[in-house]
Amino acid sequence: MSYKQAILVELYADFRLAPGSFGFDRFFDVVPRLRDRGFPNIESGSVNGFDVNLFDQKLAAAFTPPRVRCWSSDRTRLVQLAPDDVTMNLVTPAGTYPGWRTFREEVVAPTLGSLHATIEVSITAVALNTIDRFTVPSAGFQLGQYIRCGGPVFPESFASVTQTIDVDMGFGLIEPDGFNRQVHLHGKPVDGSYVVQVQSIFQNALADGGNALELLERLHDESDEHFEKWITDTTRNVVMKGTVDAVSV
């Protein structure tokens, strides 16, 4: 379902590659191809300051692996290369999300094309991460007006929250469970307004011979279903201005 005023501000997919298959020495075989496919601004550095390791955040805290970032000219599309890991980001101001098809065709497809043209790609796990954020007046605010509390995602006890909230929930591990699901809810009053952010992470291991793009599509379908479960009619009809009847996403 699509809305007139989307609250999705960042979307990123993460492909974990087979251990030892994609080291730093191969990054610059891929970078020229990404530059030719619409990612001309190249930066290098470490993971510090950018939380992109979806699979093992404790490991990310302990290490600072080399990372190359390839940005589009308008800095709304980003491909990040790390050892045995590739992350693809779409970053847009609230209300300007161009749709899943744009992400798939303008970020994921050129990234995979660049990889396949350079190395033997073996993807072992796929993750999809969404960040939804919106700002509403703080006068009379209660979280339950905008976040469905008592439904399948958040408990009823959250409904009366009026001040800062910071909650992290998750279950499953890629190893050994083969999947991981996380929801991070953050809210706080700021200068007469209240800012709400919900970050959702969907990760699955990919069996040998599995299709990464098909798995990514399934994770996207699950993400859409999850989103509809935690928004209220106020968020749906007031914050996002209602649905768009016919749109290509």
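- For the residue pair N180 / Q182, a side-chain donor-acceptor distance below 3.5 Å is found, with atom types taken as modelled.
- Side-chain atoms of Q197 and D132 form no donor-acceptor pair, as typed in the model, at a separation below 3.5 Å.
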May I have the step-by-step check of salt bridge (charged side-chain N to carboxylate O under 4.0 Å, His left out) for E105 and R77, ending in yes or no?
CA-CA 12 Å; E105 295 180 354; R77 292 150 175 79; over 6 Å; no

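- A distance of 9.0 Å separates CG of L219 from CG of D221, quoted to the nearest 0.5 Å.
- In this structure, D191 places its CG atom where only 12 or fewer heavy-atom neighbours from other residues, nucleotides or ligands lie under 6.0 Å away.
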Evaluation steps, side chain to side chain contact (heavy atoms under 4.5 Å, CB included), between T124 and L206:
CA-CA 5 Å; T124 62; L206 184 65; 5.8 Å; no

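- For the residue pair Q163 and Y194, the shortest heavy atom distance occurs at O-OH, 2.7 Å.
- The closest side-chain heavy-atom distance from I165 to V196 is not below 4.5 Å.
- The shortest distance between side-chain heavy atoms of I42 and V31 falls below 4.5 Å.
- Here the side chain of T232 pairs a donor or acceptor atom with the backbone of Q145 at under 3.5 angstrom.
- Taking both residues in full, the closest heavy atoms of F15 and A212 are given as CZ-CB, 4.4 Å, listed atom of the first, atom of the second, then distance.
- Side chain of D177 to main chain of F179: no donor-acceptor pair is present (N/O by atom type, distance under 3.5 Å, no hydrogens or angles).
- Connection of I231 to V167 is established within a shared hydrophobic cluster, with ILVMFWY side chains joined at heavy-atom distances below 4.5 Å, either directly or through further cluster members.
- Proximity of I7 to V239: side-chain heavy atoms (C-beta onward) are separated by under 4.5 Å at one or more points.
- The closest donor-acceptor contact from the side chain of N129 to the backbone of Y12 lies at 3.5 Å or more, if one exists at all.
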Could you give me the CA-CA distance, side-chain angles and deciding distance for E43 and R67, then say whether salt bridge (charged side-chain N to carboxylate O under 4.0 Å, His left out) is met?
CA-CA 8 Å; E43 300 172 353; R67 181 170 294 272; over 6 Å; no

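- Crowding of E228 atom CD: a count of heavy atoms from other residues, nucleotides or ligands under 6.0 Å exceeding 12.
- Ring-plane geometry between F227 and W230 is classed as perpendicular, the angle between the planes exceeding 60 degrees on a 0 to 90 degree scale with a lower cut at 30.
- With rounding to the nearest 0.5 angstrom, the CZ atom of R69 is 7.5 Å from the CG atom of L78.
- Side-chain contact between Q203 and I201 is present, with heavy atoms from C-beta onward closer than 4.5 Å.
- Using a 3.5 Å distance cut-off with no hydrogens or angles, the side chains of D29 and T118 do not pair a donor with an acceptor.
- Across V153 and M169, no two heavy atoms sit closer than the pair O-CE, 3.5 Å.
- Using modelled atom types, one finds a donor on one side chain and an acceptor on the other under 3.5 Å when comparing R181 with N204.
- Between the side chain of D85 and the backbone N or O of L17, no donor-acceptor pair lies under 3.5 Å.
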Check the pair D168 / H186 against side chain to side chain contact (heavy atoms under 4.5 Å, CB included), numbers first and verdict last.
CA-CA 9 Å; D168 301 310; H186 309 283; 4.0 Å; yes

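- Residues H226 and D224 form no side-chain contact, since every pair of their non-hydrogen atoms from C-beta on lies 4.5 Å or further apart.
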Side chain to side chain contact (heavy atoms under 4.5 Å, CB included) between T234 and N237, intermediate numbers included:
CA-CA 5 Å; T234 299; N237 298 320; over 6 Å; no

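- If you take CG on L90 and CG on L8, they are separated by 7.5 Å, rounding to the nearest 0.5 Å.
- Ion pairing of R101 with E217 is absent here, as no side-chain N (NZ or NE/NH1/NH2) approaches a carboxylate O to less than 4.0 Å.
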Between F22 and V121, is the side chain to side chain contact (heavy atoms under 4.5 Å, CB included) condition met? List the steps.
CA-CA 8 Å; F22 189 51; V121 178; over 6 Å; no

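- Atom-to-atom distance recorded for E225:CD and H220:NE2 is 10.5 Å, nearest 0.5 angstrom.
- Inter-residue side-chain proximity for S193 and V136 is flagged as unmet; no heavy-atom pair is nearer than 4.5 Å.
- Under the 3.5 Å distance criterion, with hydrogens and angles disregarded, no donor-acceptor pair is assigned to the side chains of T235 and D233.
- In this structure, N89 contributes its side chain and V91 its backbone to no donor-acceptor pair below 3.5 Å.
- When all heavy atoms are compared, the tightest approach of F39 to P110 is CE1-CG, 4.0 Å.
- The two atoms that bring V108 and M88 nearest to each other are CA-SD, 3.8 Å, heavy atoms only.
- For the atom pair CZ of R35 and CG of N41, the computed distance is 9.5 Å after rounding to the nearest 0.5 Å.
- Criterion: ILVMFWY side-chain heavy atoms under 4.5 Å apart, direct or through other members. Under it, V244 and V238 are not part of a common hydrophobic cluster.
- L112 and L216 fall within the same hydrophobic cluster, where Ile, Leu, Val, Met, Phe, Trp and Tyr residues are linked whenever their side-chain heavy atoms come under 4.5 Å apart, directly or through other members.
- Side-chain contact between L81 and L34 is present, with at least one heavy-atom pair separated by less than 4.5 Å.
- Here the CG atom belonging to L115 is positioned 5.0 Å from the CD1 atom belonging to I119, to the nearest 0.5 angstrom.
- Here the side chains of V9 and P93 are not in contact, with every heavy-atom distance at 4.5 Å or above.
- In terms of heavy atoms, C149 sits closest to G144 at SG-CA, 4.1 Å.
- Taken together through direct or relayed side-chain contacts under 4.5 Å among Ile, Leu, Val, Met, Phe, Trp and Tyr, I131 and L11 form parts of separate hydrophobic clusters.
- Taken together through direct or relayed side-chain contacts under 4.5 Å among Ile, Leu, Val, Met, Phe, Trp and Tyr, V79 and L213 form part of one hydrophobic cluster.
- In this structure, the side chain of T243 does not engage the main chain of Y3 through any donor-acceptor pair within 3.5 Å.
- The ring of F141 has its center closer than 6.0 angstrom to the ring center of Y146.
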